[in-house]
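By convention in this document, chain letters (A, B, ...) are assigned in the order of the sequence lines, proteins followed by strands, and residues within each chain are numbered from 1. Computed from heavy atoms alone, side chains included, the values below leave out hydrogens, waters and symmetry copies.
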Amino acid sequence: MPNIESLVNQEDARIELLRGGDIDESAACVLLWISRSQRAYGNLAVNLAVELADKLGLPVVAAFCLTAYPSATLRAYAFMAEGLEDVGHGLAKRKIGWIVRSGEPAEVIPQLAKELNAALIVGDQAPDRTGRGWRTEVAGRISIPMLAVDADVVVPSSLFPKEEWAPRTIRPKIGRVLDDYLTSIPDPVPRRHAQKLKALDLTELLDNLDIDRSVEPSPRFKGGQTVARRELHHFVDHRLATYDTDRNRSDINGSSNLSPYLHFGDISSLEVAFAVRNSDAEAVAIDSYINEVIVQRELTVNFALRNPNYDTFDGIPDWGKTTLARHAGDPRPVIYTRAELEAGRTDDLLWNACQRQMVREGYLPNRLRMYWAKQLPLWTKSAEDAFAIAVALNDRYFIDGRDPSGYAGIAWSIGGRHDRPFPPERPITGLVRRMGMNALKKHFNPQDYIDQWPVETPTEPVQ
DNA sequence: ATCGGCTCGCGCAA
DNA sequence: TGCGCGAAGCCGAT
């Protein structure tokens, strides 16, 4: 009877052994629990499941557990459902079984493992506490081995066991090992094919899920690996060349638009980074984008993994807390309620336009997300309030809400996380760097942007 | 238009 | 222990 320890490379930083032990030789399949990495191709968790299944002479059956996470909206779930349909099609081509069930992962996955007589479970990894909790619970309720593959970063997170301070502390560490990890991903088909397994109707499952249906699906972003890859190649072919050079287009009109897809794992940052690295764009453009999609992004993953307060005010650095505390009593000339903010009814026309794009489209270019978050402390009674409102709106409207990038962005904007102080000390925000029109104007034309997101004029009632 | 200085704390050199 | 330097800024001097 083989044990799992002898079948996997224990030195592989990308693989976490959640439960060890012997493998039952009479088992019927390897269970692949897809959660964070919602894609059939370019997926290292799928590949590990295939590798182990081949060693054991078993087929692979993949499962997804549909459950309503905190602050789940129809917008996010419609996007996710589109992605999951794509997963089903892709896995069929890879001769992997596919099951979608609703319920709590801690119930559903162990139950499924029993039903299918699984030899072991291969899962993926999540940076947020909800996703991490699911894995721990599942591992605690099974009696077979379980592995988790860190498939949604380029450099495995386990190489950064402590909280990193800033881009400059993680950058050299990533640089040292990047060539070991920035590789292409094969799509092996298991030797033993799974029987056709009928998946439940996704729309029906969605209908029965307890989610907030008042936030409508994005009219612009459709989920799925197929669409994600189309976006990636459009970016590489048409916008990457000017990513760093054209000042008027850079990072606002020229952004890659991939964040919703990266959030749901419709595409991996590894595939994105690999495609960019091997494109024929100029080195400055490539380096600039690689810095975004690897260094900055993986810093935010490290933040979520290593700082338990990654989504609250408490997660900001000490110097930020000190300086904000010193200005806690500063008068706020204007205070808006959450409802006024949510409706985009402030006196700042650019901010309102950002809020409208967020509400309608579920997306905002990164730099505007920062401007948006940086204004909030000026208009709320405390920085803590500003933080809480920022997180609430972020999670409610963005397709990629609940993502480490969003939380780290808010912590950077409001509390100076991953940043340094910037004197002179100013009212309310103290030493936390401000962002005003002059800075934004270097990158785009605010008026053009405002015009793109007009206030909807109510239709006149016919009378 | 460009440039230095502003503050803080990490990480490395010594 | 000292020193260089940094996620996307701002202000004032030149």
Exercise. Pick the C1' atom in C/dG4 and in B/dG5, then give their distance to the nearest Å.
Key: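 Comparing C1' positions in C/dG4 and B/dG5 gives a spacing of 16 Å.
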Quiz prompt | DNA chain B-proximal residues of residues 159-174 of chain A, any heavy atom under 4.0 Å | solution =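 Contacts with DNA chain B under 4.0 Å: A/Trp165, A/Arg168, A/Thr169.
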Quiz item: Hey, can you pull the residues of residues 417-427 of chain A with a non-hydrogen atom under 4.0 angstrom from DNA chain B?
Solution: A/Arg420, A/Pro421, A/Pro423
Those residues that, when tested against [X], pass salt bridge (charged side-chain N to carboxylate O under 4.0 Å, His left out) (two or more places apart):
X	answer
A/Asp419	A/Arg433
A/Arg213	none
A/Asp124	A/Arg135
A/Arg420	none

Self-check item: Range-with-range stems for DNA chain B, at least three Watson-Crick or G-U pairs under 3.5 Å
Solution: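 DNA chain B forms these stems: B:1-6 with C:9-14, B:8-13 with C:1-6.
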Exercise. May I ask you to list the residues of residues 299-322 of chain A, by number, that have any heavy atom positioned under 4.0 Å from an atom of DNA chain C?
Key: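 Per residue number, the list is empty: none.
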Quiz item: Contact class for A/Gly416 vs. all strands (heavy atom < 4.0 Å): base, sugar-phosphate, or nothing?
Solution: nothing
Quiz item: Of all residues at least two apart in sequence or in a different chain, which pass the side-chain hydrogen bond (donor to acceptor under 3.5 Å, both in side chains) check with A/Tyr407?
Solution: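 A/Tyr407: side-chain hydrogen bond (donor to acceptor under 3.5 Å, both in side chains) contacts with A/Asp395.
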Practice problem: Return the set of residues passing side-chain hydrogen bond (donor to acceptor under 3.5 Å, both in side chains) with A/Glu137 (not counting sequence neighbours), or none when no residue passes. | Solution: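 None.
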Quiz prompt | First and last nucleotide of DNA chain B, 5' to 3', lying under 4.0 Å from heavy atoms of chain A | solution =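 Counting from the 5' end, contacts occupy B/dC6 to B/dG11.
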Exercise. Sequence neighbours left out, what pairs pass ring pair (Phe, Tyr, Trp, His ring centres under 6.0 Å) with at least one residue falling in residues 315-342 of chain A?
Key: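 Listed by first then second residue: A/Tyr336-A/Trp379.
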Quiz item: Expressed in angstrom and rounded to an integer, what is the separation of A/Leu431 atom CG from C/dA7 atom C1'?
Solution: 17 Å
